[in-house]
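What follows is a set of notes on a single structure, which appears directly below.
All residue numbers refer to positions in the sequence shown, counting from 1.
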Amino acid sequence: MGEDPEMATTVGEFIKRDHDDFRLMFERLMESTVDEKALRGDVYPFLKERIHAHHVAEEATIFPQMEKNDALRPATLVLIEEHRGMDMLARDLAGTSTDSRLWRPRVFPFYDVISRHWEREETDVFLHAPLHLSPETLDEAAGTFEQVLEQQWTNNGLHGGMPPAMRRR
């Protein structure tokens, strides 16, 4: 009677898997040079849209459940507001020419904010959510998170994993 490995994946694991993909893309972008304008032009829009889809999925699934809980509500509201701040940084970077001398320096503050956000989710929030939410609620959030994320990917021509430019490395 083996358990289905897909069913065993928690919402936190789904979210962390995305974070790990994002870290790899950010790492490559932070290493990029002005001469790698094409790489920046391929990887960054993909990363930006993947992050947006991820935030939509979080805000549609696990965050509403967390917000209902008095112990989790303050941290959840901070996470939601951080999404708003990241959207502003993402738009600013998207509006900067990939061959601008400012492009790479603008990646760093975005990464600083988002990496702190991931740390807060992975260590502060999702480790404590099982103490405050039922296993059924967490299981439902995991399944719904994956469905919402895949729908976002379909709607925006995205997929999991890396963009083609990252695979040519």
task = Return the minimal non-hydrogen interatomic distance between G12 and F126, and the atom names on each side.
result = CA-CG, 4.3 Å
remark   = Of all heavy-atom pairs linking F145 and A57, the shortest is CE1-CB, 3.4 Å
query = Side chains of R28 and L39: closer than 4.5 Å at any heavy-atom pair?
reply = yes
inquiry  = Checking one residue: V56. Which other hydrophobic residues are in its cluster under the side-chain 4.5 Å linking rule?
reply    = V148
key: Any Y111 side-chain heavy atom under 4.5 Å of L29 side chain   = no
Side chain to side chain contact (heavy atoms under 4.5 Å, CB included) evaluation trace for D87 with H52 = CA-CA 8 Å; D87 285 346; H52 180 74; 4.2 Å; yes
key: Test item: D20 and L24 side chains (from C-beta on) under 4.5 Å apart, heavy atoms   = no
task = Begin from the C-alpha positions of R84 and E59 and carry the test salt bridge (charged side-chain N to carboxylate O under 4.0 Å, His left out) through to its verdict.
result = CA-CA 12 Å; R84 305 301 159 254; E59 290 183 24; 2.8 Å; yes
ask   = Considering only heavy atoms from C-beta outward, does the side chain of I80 approach that of E67 to under 4.5 Å?
value = yes
task = List the atom of S115, the atom of D112, and the distance in Å for their closest heavy-atom pair.
result = OG-O, 3.3 Å
Connected via hydrophobic side-chain network under 4.5 Å: M30 and L93 = yes
Distance, nearest 0.5 Å, that separates OG1 of T123 from CH2 of W118 = 13.5 Å
task = Step by step, work out the side chain to side chain contact (heavy atoms under 4.5 Å, CB included) result for L158 and Q152.
result = CA-CA 8 Å; L158 300 170; Q152 287 292 308; over 6 Å; no
message = Please report the interatomic distance CZ(R50) to NE2(H55), rounded to the nearest 0.5 Å.
response = 11.5 Å
inquiry  = Quick one, D18 and I51 - any side-chain contact, counting heavy atoms below 4.5 Å?
reply    = no
query = Does a donor on one side chain and an acceptor on the other come within less than 3.5 Å for Q151 and N155?
reply = yes
key: side chain to side chain contact (heavy atoms under 4.5 Å, CB included) between F46 and M166, worked out   = CA-CA 11 Å; F46 180 85; M166 291 281 294; over 6 Å; no
query = Heavy atoms, side chains only, cut-off 4.5 Å: are E140 and Q65 in contact?
reply = no
task = Indicate if F108 and L89 have the same hydrophobic cluster label, given that clusters are the connected sets of ILVMFWY residues with side-chain heavy-atom separations under 4.5 angstrom.
result = yes
message = I'd like to know whether E36 forms a salt bridge (charged side-chain N to carboxylate O under 4.0 Å, His left out) with R104, so could you lay out the CA-CA distance, the side-chain angles of the two residues, the decisive distance to 0.1 Å, and finally the verdict.
response = CA-CA 11 Å; E36 294 177 295; R104 187 169 170 264; over 6 Å; no
request  = Mind listing the closest non-hydrogen atom pair of R106 and P109 along with its distance?
outcome  = O-CD, 3.5 Å
query = So how far is it from H117 NE2 to R120 CZ, rounded to the nearest 0.5 Å?
reply = 8.0 Å
ask   = Can you tell me how far CE of M66 sits from CZ of R73, rounded to the nearest 0.5 angstrom?
value = 11.5 Å
ask   = Between atom CG of D42 and atom CG of L47, what is the distance when rounded to the nearest 0.5 Å?
value = 12.5 Å
query = Going from CD on E82 to CD1 on I114, what distance comes out if it is rounded to the nearest 0.5 angstrom?
reply = 9.5 Å
ask   = Taking the six-membered ring for Trp, are F14 and H54 ring centroids under 6.0 Å apart?
value = no
ask   = In terms of ring plane angle, is the pair F110 and F26 parallel, tilted or perpendicular, where the classes change at 30° and 60°?
value = perpendicular
message = Going by side chain to side chain contact (heavy atoms under 4.5 Å, CB included), I15 matches just one of R17, E13, H19. Which one?
response = H19
request  = Please report the closest heavy-atom contact between S32 and W103, naming both atoms and the distance.
outcome  = OG-CZ3, 4.0 Å
key: Residue pair A165 / V43: nearest heavy atoms and the distance that separates them   = CB-CG2, 3.8 Å
